[in-house]
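Just so you know, ligand 1 is whichever comes first in the structure, and atom 1 is the first atom listed for that ligand. For the single chain, residues carry numbers from 1 onward in sequence order. The shown structure was predicted, so the numbers you read here are calculated from the model rather than taken from an experiment. Side chains are part of it too, since the values below use all heavy atoms of this structure and drop only hydrogens, waters and symmetry mates.
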Amino acid sequence: MIGFSPTEEQDALRSLAHDFAEKEIRPVAAHHDQTGEFPWPVIRAAHAVGIMNTHIPEKWGGLGLGCLEASMIAEELAWGCTGIGTALEANGLALEPVIAGGSDSILERYVAPMTAEPRMAAYAVTEPGAGSDVAGMRTTATRKGDRYLLNGAKMWITNAGVADWYFVVAYTDRDAKYKGMTAFVVEKGWKGVEVGKKEWNLGQRASDTRGITFTDVEVPEENVIGKVGGGWLLAMGAFDHTRPLVSSAAVGLARAAFEHARQYATERKSMGTAIAGHQAISFLIADMAKDIEAARLLVRQAAWMKDSGQRNTMYASMAKCFAADTAHRVATDAVQVFGGYGYSSEYPVEKLLRDSKIFQIYEGTSQIQRLIIAKELFERAR
Ligand SMILES: Cc1cc2nc3c(=O)[nH]c(=O)nc-3n(C[C@H](O)[C@H](O)[C@H](O)COP(=O)(O)OP(=O)(O)OC[C@H]3O[C@@H](n4cnc5c(N)ncnc54)[C@H](O)[C@@H]3O)c2cc1C
């Protein structure tokens, strides 16, 4: 039998995250959108109630929760505001490969402290000239005695301005292509690390995105994560866990847009009736509800597969692609339901439309998700 009811524990977590989003996130969402200020007060409060970094294993002081529970929390936080949600959740992308490949001493030094107090980390893979084409990266780490000299530049790194450390991938052997990439933990205060200015993005402005430059940064060999040459697998493998979470955030945004649109459609009158009485509008809203349910089911399946030890790469990409496209379409249609008011920043759906676009870009664009799905269908299936 297949069950769709959450357990009592899952339901309690979901409602804790929902109450948090309602009381701590929604009231300050517009402020952080307008100022771009990093939401430290929200981060501190989220850490205090225990809804950050929930998958850090118990051995390192965390809750050791699964991807499914984390996806329920992510949806609620994003329902509050996806800019703040991304700020709260981006640690997960840096933590995942370090938890998967780091030695005990690395986990003790970098992961455990994140459970004790609100600290941030960042995942630094994208470069100015290489995003989708990860193998096109130019950053190198050259062995010198018991250290590596790191040189290069990363771009669009979420949390870069607030993180204590970065998960960085660089070439240790360019000729070996994917097998020549190695992962490191690099501390923000090390000589030669320079963090750029905050990017002023279309949406999700509470989230901090910057470039980072590395000039002859000395990285001790104990800060290699996993095997030398194993960086690609660690960096890409992290997405099996994090794509269901990003997808959940897209579902949370879509749900918020849908709720605003449904409410407005019952209040706004046109040609003698509430606009919900016009089939053109009620069908738009029916499609929103249908697609949100479908996206959530894909997300939950991808998360459940991850937790039950199954290979979920294709399902994580399906969830990410479908949820991202749904979020952007639902937000666009919500603006349509609001008419002229939808275009104004005085009303909530304008921000949701701006915030929704990035879901089709970060953690792999919607085109790249389709590429992964097609590869899985045609290459792995053979
Ligand atoms: C706000 C924000 C936050 C981000 N956070 C992080 C982060 O924390 N860490 C990190 O490492 N990166 C981060 N990124 C980077 C993000 O993952 C990349 O922007 C994304 O992967 C796309 O890479 P690109 O921007 O270089 O675009 P490109 O790879 O240049 O792509 C341009 C266009 O071409 C398409 N395209 C490219 N190759 C193909 C192909 N083979 N087939 C079909 N279409 C293709 C793409 O889909 C896209 O539409 C972030 C980006 C943004 C904007």
Go ahead and list the nitrogen or oxygen contacts between ligand 1 and the protein that come in under 3.5 Å, distances to 0.1 Å, or just say none.
{"unit_1": "ligand 1", "atom_1": "5 (N)", "unit_2": "Trp156", "atom_2": "O", "d": "2.8"}
{"unit_1": "ligand 1", "atom_1": "5 (N)", "unit_2": "Thr158", "atom_2": "OG1", "d": "2.7"}
{"unit_1": "ligand 1", "atom_1": "8 (O)", "unit_2": "Thr158", "atom_2": "N", "d": "3.0"}
{"unit_1": "ligand 1", "atom_1": "8 (O)", "unit_2": "Thr158", "atom_2": "OG1", "d": "3.3"}
{"unit_1": "ligand 1", "atom_1": "9 (N)", "unit_2": "Tyr123", "atom_2": "O", "d": "2.7"}
{"unit_1": "ligand 1", "atom_1": "11 (O)", "unit_2": "Val125", "atom_2": "N", "d": "3.0"}
{"unit_1": "ligand 1", "atom_1": "11 (O)", "unit_2": "Thr126", "atom_2": "N", "d": "2.9"}
{"unit_1": "ligand 1", "atom_1": "11 (O)", "unit_2": "Thr126", "atom_2": "OG1", "d": "3.1"}
{"unit_1": "ligand 1", "atom_1": "12 (N)", "unit_2": "Thr126", "atom_2": "OG1", "d": "2.7"}
{"unit_1": "ligand 1", "atom_1": "14 (N)", "unit_2": "Trp156", "atom_2": "O", "d": "3.2"}
{"unit_1": "ligand 1", "atom_1": "23 (O)", "unit_2": "Ser132", "atom_2": "N", "d": "3.4"}
{"unit_1": "ligand 1", "atom_1": "26 (O)", "unit_2": "Gly131", "atom_2": "N", "d": "3.3"}
{"unit_1": "ligand 1", "atom_1": "29 (O)", "unit_2": "Ser132", "atom_2": "N", "d": "2.9"}
{"unit_1": "ligand 1", "atom_1": "29 (O)", "unit_2": "Ser132", "atom_2": "OG", "d": "2.6"}
{"unit_1": "ligand 1", "atom_1": "47 (O)", "unit_2": "Thr365", "atom_2": "OG1", "d": "2.6"}
{"unit_1": "ligand 1", "atom_1": "47 (O)", "unit_2": "Gln367", "atom_2": "OE1", "d": "2.7"}
{"unit_1": "ligand 1", "atom_1": "49 (O)", "unit_2": "Gln367", "atom_2": "OE1", "d": "3.4"}

Does Trp40 share a hydrophobic cluster with Val195, counting links as ILVMFWY side-chain heavy atoms below 4.5 Å and allowing steps through other members? no

Between Asp33 and Arg354 (salt bridge meaning N to carboxylate O under 4.0 Å), is one present in this structure? yes

With a 4.0 Å cut-off, would you call Arg262 and Glu259 a salt bridge? no

The complete set of side chain to side chain donor-acceptor pair (under 3.5 Å) pairs with one or both residues in residues 221-231, sequence neighbours excluded, reads Arg109-Asn223, Tyr110-Asn223, Arg143-Glu221

Would you please name every residue forming a side chain to side chain contact (heavy atoms under 4.5 Å, CB included) with Tyr347, sequence neighbours left out? Phe338, Tyr341, Ser344

With ring-ring contact (aromatic ring centres under 6.0 Å, His included) as the rule and sequence neighbours excluded, what pairs involving residues 56-80 come up? His18-Trp79

